Structure formats: structure tokens, C-alpha cells
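Below is one structure, written out as C-alpha cells; the observations come after it.
Just so you know, ligand 1 is whichever comes first in the structure, and atom 1 is the first atom listed for that ligand. This is a predicted model, so every value here is computed, not measured.
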Amino acid sequence: MILKTNVLLLMAFLLLACSEQGPPKVFTDDANVAAQVEDLLAQMTLEEKVGQMNQYNGFYDVTGPAPSEGDAKNKYEHLKKGWVGSMLNVSGAAQVREMQRIAVEETRLGIPLIFGLDVIHGHKTLAPIPLAESASWDLEAIEKSARVAAIEASARGINWTFAPMVDISRDARWGRVMEGAGEDPYLGAQIGVARIKGFQGDDLSAHNTIAACAKHFAGYGFAEAGRDYNTVDVGTSTLYNVIFPPFKAAVEHDVKTVMNAFNILNGIPATANAWLQRDILKQKWGFKGYVISDWGSGFEMIAHGYAKDLEQVAELSANAGSDMDMESYAYVKHLADLVRAGKVEEAKIDEAVRRILTVKFELGLFDDPYRYCDAQREKELIYHDDHKAAVLDMARKSIVLLKNEGELLPLSKSQKRIALIGALADDNNSPLGSWRIGSDDNTAVSVRDGLKAYSAQVEYAKGADVVTGETAFAVPLNINNNDRSGFAEAVRLARKSEVVVMVLGEHGFHSGEGRSRVNIGLPGVQQDLLEAVYKVNKNIVLVLMNGRPLALPWADKHIPAIVEAWQLGTMTGHAVADVLFGAYNPSGKLTMSFPRHVGQCPIYYNHYNTGRPTGGNGVFWSHYTDESNDPLYPFGYGLSYTTFSYDKLQVQVEPGNKVTVSVEVTNSGERAGEEVTQLYLHDKVASVARPVKELKGFKKYRLEPGETKTLTFELTPTELGFYDNEGEFIVEPGAFSLMVGTNSQEGLWADFNW
Ligand code: NOJ
């Protein structure tokens with residue numbers, strides 16, 4: 001639970017609610033959802049229709065600024081009148097059941113509520129943060145992780161998650177990169193789809209599947225200078241080719257809901273953007289579900305300078321196709337009057353309500369509104385051992401080995417005297433990450449505990465705190481910038497040890513919503529701690545915990561072994577220990593470029609060539625005078641305890657039909673391991689300039705030592721084409737080159753004509 005406000009208010013509310021029992025409503029068993037929706041719609045008053053378009057926050061777990069309208073009495077009265085269609089931030093079978101009972105038994109038509117929550121990387125049992133999961137490039141594991149999240153959340157009354165976030169982002173300063181799948185639209189689309197499949201399953205009406213929500217439509221990941229909620233200003237080519245594809249893929253895979261965004265796009269807030277919501281999403285892509293606003297994004301149009309008051313907010317949003325209002329109070333206050341005044345056609349209200357009711361029918365809420373509120377299932381399923389096993393598997397696969405000079409890793413069990421240093425090493429809360437709403441604090445296995453399973457020779461010294469004071473989702477962090485009092489003990493321990501494992505990085509709440517940073521090195525005094533320890537013992541394994549790419553050029557230059565361990569959720573310590581001791585051979589690859597310096601942000605592998613890409617020691621070319629253009633660790637990069645060699649790249653072209661690419665990969669090391677082979681394409685001359693490289697295929701597989709595998713990729717017009725500036729998909733003949741390799745910078749190249 002992230003912020004417990006008003007718990008007493010909630011209890012009072014529930015008591016009041018329980019005292020007013022009404023007759024249970026009888027629901028039609030007509031198999032035809034559309035007919036049932038029409039039947040219901042025909043019985044609804046205008047206010048009841050608007051009510052379906054209104055979502056209220058529960059009474060605790062605030063995930064946004066609390067609006068002044070949101071007092072409990074209003075909500076209770078509105079709920080009883082049928083003026084509320086959905087609630088967010090209510091969870092737990094008992095609490096959801098009570099809310100649902102009011103909607104079903106005390107309102108005139110008894111339409112059940114749909115309960116939404118940010119089930120982002122697990123509910124009780126937490127998986128790695130989504131950016132970490134994406135580094136696995138393992139779609140099956142990612143789908144399974146979302147499945148586990150859905151099973152636990154649905155057992156606690158939740159039937160709708162505000163996930164996956166499919167915003168592409170290239171800027172490590174933006175704290176919400178932790179919630180996405182990185183900088184690439186091709187991979188991001190597939191990961192988004194895997195998550196949707198995991199949440200929604202094959203049968204949405206099953207009691208353990210929940211509706212997913214692709215968010216934030218559109219452009220939120222391109223907040224200027226990486227500052228959350230900031231202005232977005234992108235060109236059409238980026239919009240069509242980078243930002244839209246994961247949303248389009250989500251729609252094609254039947255995502256039930258889409259969330260719009262806080263930002264403006266070409267001066268028009270996404271929530272009031274009819275072009276985005278009606279023309280592109282609903283008409284062009286044929287999206288059948290409903291659009292939810294982001295938290296108060298309607299209301300925020302006043303601050304954007306786009307609406308003069310809440311009434312205009314309601315008019316603009318409803319006309320633009322934003323179907324449900326999260327915490328703006330605009331629809332519930334003004335929409336019915338706007339319809340009566342002729343400013344919003346009732347047909348538009350009907351369309352929105354149809355969409356919302358359809359999802360409720362599909363979830364089975366009309367058959368059994370309490371389907372998701374079974375206290376017994378809740379008890380049996382949360383923190384289930386199977387779920388822990390699944391998130392452990394996911395956590396291991398998410399770890400990326402960034403450096404391993406002199407093969408310091410893996411550690412051997414017989415290794416004597418391992419020093420473990422860093423506050424994050426002994427933390428069982430921070431590794432839960434930022435979006436742990438619903439879960440319980442301090443439930444992660446710490447690295448210190450994880451290492452115990454392998455070696456009794458580990459001695460621990462904190463060195464320095466990363467943060468001090470309260471740590472919570474909605475509370476600013478207090479970084480320790482001064483206290484070095486623990487350094488001496490850490491240095492003493494390091495001096496007498498064979499090897500030092502240092503766990504450094506960001507606190508779990510240092511990334512996520514509203515957590516943008518301009519300094520993306522190690523926060524606080526941790527860099528000083530690292531350097532102080534290095535002075536007495538150079539055998540350092542640096543285990544990084546962070547929710548975004550960090551810029552760590554000093555560490556890369558000096559520290560022999562670096563392991564990117566993100567925030568890995570409930571089973572963090574076991575996953576890290578398995579990798580450090582070699583029980584699991586790391587296989588993760590970065591899905592965001594790690595810069596050398598924050599000044600390079602936004603930095604991404606699929607950039608354009610520019611007119612002046614090279615220039616040696618000269619002045620007039622596209623470069624920095626004081627830093628390389630290259631990232632420290634590129635997209636797709638990650639090492640293994642074995643090595644892989646690439647050979648015999650072959651390309652066969654069937655003009656107009658397909659291009660077949662094959663390559664031989666050999667495990668040239670001494671351990672079995674998994675490789676992610678990546679195929680990048682470059683369209684050399686096009687009617688709209690194309691990036692220097694674009695990921696168009698990947699395969700993850702395991703090879704025994706010495707084993708060789710021939711991989712085959714097929715490129716069809718889908719991979720060879722692109723969107724022009726009118727948003728039309730075109731495929732142009734001409735010269736291409738492609739690269740197949742182990743990351744976005746290393747591989748074998750070939751040219752071909754299509
Ligand atoms: C605001 C966030 O932007 C959104 O992603 C989230 O789902 C809502 N708050 C609800 O918590």
C-alpha cells in the first residue's frame with residue numbers, strides 16, 4: 001500500500017454502505033453481448049449513461065494529486081445514484097465486494113463497476129520492473145509474468161489493469177522509462193502484446209483474467225528534456241514510425257482499453273485530441289474498446305491553456321472521444337447538461353457507454369459481478385510459490401552483464417571472504433520498484449539474503465545510505481548527499497576481502513512517475529564510496545540497481561565486473577545470487593542505450609544519419625567537442641559467461657515477396673548459454689529519410705559449448721516498409737543493408753536490393 005490516507009473515511013463509508021441492502025438485480029443471459037448492451041442502453045437515463053463514463057478513485061492509495069471534489073460523501077451519493085462506472089485504487093476481495101454490492105444492489109439498474117488498478121509488474125508477488133523484463137527479450141516469460149500479475153490481482157477484486165505502458169522513450173532522464181520496454185518500437189510492440197496476452201488471456205470472462213490498457217496515447221514518452229508531464233513536440237515521421245506502432249499492435253491484439261496522456265501534441269492535449277482518439281485509434285485502427293483519461297488529464301487542460309473551465313473540459317473531452325474520465329469530475333458535473341444544451345450529441349455519449357458496457361459484459365461482470373472477489377482465492381493465490389518461481393525466472397532473465405574483465409565472475413562457492421557493500425544490498429524494500437501498489441513493503445529477498453544460500457563467507461558493511469527518511473510512491477525522496485560515516489568500515493572490510501560485491505544505484509522510488517533526474521550517475525555519496533573502496537581493493541563486482549539507464553563512465557573504466565540488476569521485485573536477492581555464482585548464465589540485453597553523459601540524452605540507436613555524420617578531427621560535423629557520440633553501452637548489448645561467434649551471413653532476395661537471411665552462430669566458450677541474435681535493417685534511400693538502423697527481427701536461443709546453430713530470418717514488406725508523413729504504410733524498392741549480430745553495434749553486414 002503506498003499512501004494510506006482516509007482509511008477511517010473508507011471504513012465509515014463501508015459501514016454506511018453495508019446498512020443499505022437492496023434486492024439483487026437479475027441479469028439477462030443473452031449470449032449476444034451487443035444485443036445486451038443495446039438492451040441496457042435503452043433503459044438508461046442520460047445521467048446513468050454519463051455515470052458509466054465516470055471513474056472515481058477509492059479512498060486510499062492515491063496515485064495522483066487528490067482533486068478538491070473528491071470527498072467521500074459525494075462519491076457515496078454518486079455511487080448510489082448510478083453515477084459511477086468504475087473505481088480505481090480499491091483492492092482486496094472484501095473491499096471490492098462491498099463497493100460492487102452498492103453498485104449492483106442499490107442503484108436503479110444494478111450495473112456492476114469495473115475496478116482498475118496499476119498492476120504494472122505484479123500485484124502482491126512482484127516481478128522485475130517492466131524495463132528490466134524487457135531486457136530479457138523473452139516474450140514467453142514476459143507473458144507469463146503478466147499472467148501471474150493477473151491471477152493475483154483478479155483474486156483481489158481487480159478486473160482491469162492500467163498496463164502495459166507502451167510509450168517508447170529515448171530519454172534516461174524521464175523516470176517513467178522504468179515502466180516501458182525501452183527505445184525500440186519493434187521490440188516494444190511485441191513486448192506490449194505479450195503483456196496484453198498475459199493479462200487478458202484467451203478468455204476475458206475467466207475469473208483470473210483482466211482487461212489490459214495500452215497507455216499513454218500518445219507521445220508521453222517524448223516529454224521534452226525528460227521532465228515528466230512536460231510538453232511533447234514530435235514530427236510526424238516519429239509519431240507514425242516510433243510512437244504509434246506499439247499502440248497499433250495492442251489494438252490488433254484486442255487490448256480492451258487505451259489510456260490517453262497528460263501531454264499536448266501539436267498544441268492539443270491528448271485528452272481533447274479527436275484526431276488521435278477518433279480518427280486514428282477508433283476509425284483507422286478499428287479500436288473497439290474504450291479510452292480512459294489519465295488521472296485528471298481532463299482537468300489539466302485548463303492549465304495547458306486549452307479549456308477555460310471544467311465544463312469546457314467535459315465538452316472537449318467527450319467530443320474528442322475520451323470515453324471515461326479518471327478523477328477530473330468533469331463528466332459527472334457537466335456532461336448531461338452539455339448534452340441538453342446541444343454541445344455534445346447524445347449519440348457520442350451512447351457510443352462511449354456502449355464501449356464501456358461491452359468490456360464489462362466481456363469480463364463476465366453481468367453474469368457474476370463478484371466474480372473477482374473471492375476471499376478464498378485471494379488467500380490461496382497471493383504470494384503463491386508458483387508465482388514466486390515465475391518471477392524468479394523472470395528476474396534472472398532480466399539481469400544484464402555489462403562488463404566482466406578478467407572473468408571475475410562468476411564467483412566460486414569456495415571463494416573466501418566476500419565483502420558485500422552498499423545500503424541497497426541489505427534492502428528488502430527498494431528492489432520492489434516504484435509501482436508496487438497492492439504489494440506489501442519489505443517483501444523482497446535482499447541481495448544479502450540471496451547470497452546466504454551460496455556462501456557463508458559474506459561479510460556486510462553498508463558504507464552509506466542511499467536515502468534517508470520516508471520512502472513512498474507519493475513522497476519526494478531525501479537523498480543522502482553528506483553522510484559518509486560508514487565509509488571507513490566499508491573500506492576496512494574491502495581491504496581484508498578477496499572480492500568485493502558492491503550494490504549501488506537508485507532507490508526503487510527514484511524512478512517512476514514524477515521522478516525525472518538530470519544527474520543520472522550514482523545518487524548521493526555512492527560514487528565516492530565506490531572510489532574509496534576501489535582504492536583498497538580493485539576486485540569489485542558492481543551490482544547496479546536502477547530504474548533507468550545510468551551514465552557511469554568512471555565505473556566502466558575502472559571496475560572489472562558490472563552487473564545490471566535493475567529492481568527485480570520479490571525474488572531479487574535469489575536472482576542476483578544465481579547470476580553472481582553462475583547458477584544462471586546471464587542472457588539479458590539492454591533495451592535502452594546507456595549514455596556516457598547525461599548531455600547525450602536523448603540517445604538511441606535508431607537515429608538518423610544527419611547530413612554530416614563524420615568529420616574526423618574537424619569542426620563542421622554532427623558531434624560533441626567534449627564527448628563521443630556513442631553510448632557507453634548500446635541498445636541490444638549484454639554479455640554472457642560464454643561467448644558467441646557469428647559467421648556465414650547469407651541474404652537471398654525474392655523481389656516483391658521476401659528476403660531470407662541466414663547466419664551461423666557458435667557458442668565459442670566453455671559454458672552453455674543463451675544468445676539474443678538481432679537483425680537490423682537500413683533503407684539507404686527513401687522518400688522519407690530512414691534511421692541508420694532499425695531492429696526487424698530477433699531470436700533468443702540456447703547453445704551448448706561448441707554448438708553451432710543456423711538461424712533464419714524472413715523480411716517481408718511489413719519489415720521493409722515504413723509510414724510516410726501522411727501515415728500511409730509504403731514499401732519502396734531500392735538499396736538496403738542489414739546487420740545481424742549480438743547487439744546494435746556489433747554484427748555482420750550485407751547489402752541487397754529490393
Ligand atoms: C497517472 C499515470 O500516468 C497512469 O499511468 C496511471 O495509470 C494513473 N495515474 C492511475 O494511477
Side-chain angles (χ1 to χ4, degrees), residues 1-3 5 54-67 70 86-91 114-123 129-131 146 149 153 158-169 174-181 192 195-196 199 210-223 226-230 232 246-247 250 255-264 269-271 290-301 304 322-329 433-439 472-474 509 511-516 547:
M1 190 165 301
I2 49 179
L3 183 66
T5 57
N54 179 35
Q55 183 188 58
Y56 279 155
N57 185 49
F59 301 93
Y60 58 96
D61 287 347
V62 176
T63 53
S86 171
M87 297 203 76
L88 81 152
N89 293 336
V90 182
S91 74
I114 177 168
F115 290 90
L117 192 80
D118 292 285
V119 181
I120 307 294
H121 54 106
H123 185 54
I129 58 169
L131 182 64
I158 303 306
N159 31 48
W160 176 23
T161 175
F162 305 128
M165 185 183 100
V166 295
D167 296 311
I168 298 301
S169 178
W174 191 51
R176 286 199 87 169
V177 299
M178 57 76 58
E179 199 180 339
R195 291 198 168 119
I196 290 162
F199 290 131
I210 60 181
C213 179
K215 69 187 188 185
H216 306 83
F217 196 61
Y220 182 47
F222 279 69
R227 202 182 77 215
D228 207 4
Y229 317 123
N230 199 7
V232 171
F247 286 98
V255 70
K256 292 297 166 190
T257 70
V258 167
M259 186 182 289
N260 59 38
F262 292 123
N263 54 277
I264 56 168
T271 310
Y290 64 89
V291 178
I292 170 89
S293 81
D294 202 346
W295 180 293
S297 63
F299 172 74
E300 289 174 15
M301 287 198 274
H304 277 300
S322 179
D323 300 312
M324 190 184 275
D325 175 12
M326 179 194 292
E327 282 292 298
S328 271
Y329 295 77
S434 172
W435 274 122
R436 82 270 290 275
I437 183 172
S439 190
F473 183 78
F509 287 124
S511 58
E513 188 176 347
R515 309 283 188 165
S516 298

Next item on the list: Decide ring-ring contact (aromatic ring centres under 6.0 Å, His included) for Trp160 and Tyr290; before the verdict, give the C-alpha distance in whole Å, the side-chain angles of both, and the deciding distance to 0.1 Å.
Entry: CA-CA 12 Å; Trp160 176 23; Tyr290 64 89; 5.3 Å; yes
Check: If we only count heavy atoms from C-beta on, is the His216 to Ser297 side-chain gap below 4.5 Å?
Finding: no
Next item on the list: Using the side chain to side chain contact (heavy atoms under 4.5 Å, CB included) rule, pick out the option among Ile210, Leu88, Asn159 that qualifies with Phe115.
Entry: Asn159
Next item on the list: Just say parallel, tilted or perpendicular for the rings of Phe473 and Phe509, cut-offs at 30° and 60°.
Entry: perpendicular
Notebook entry, point to check: Measuring from each atom of ligand 1, which residues have a heavy atom under 4.0 Å away?
Noted result: Thr63, Leu88, Asp118, Phe162, Arg176, Lys215, His216, Met259, Phe262, Asp294, Trp295, Met326, Glu513
Item checked: Residues Trp174, Tyr220; criterion ring-ring contact (aromatic ring centres under 6.0 Å, His included); working and verdict -> CA-CA 10 Å; Trp174 191 51; Tyr220 182 47; 5.0 Å; yes
Check: Can you name the ring-ring contact (aromatic ring centres under 6.0 Å, His included) partners of Tyr56, sequence neighbours left out?
Finding: His78, Tyr329
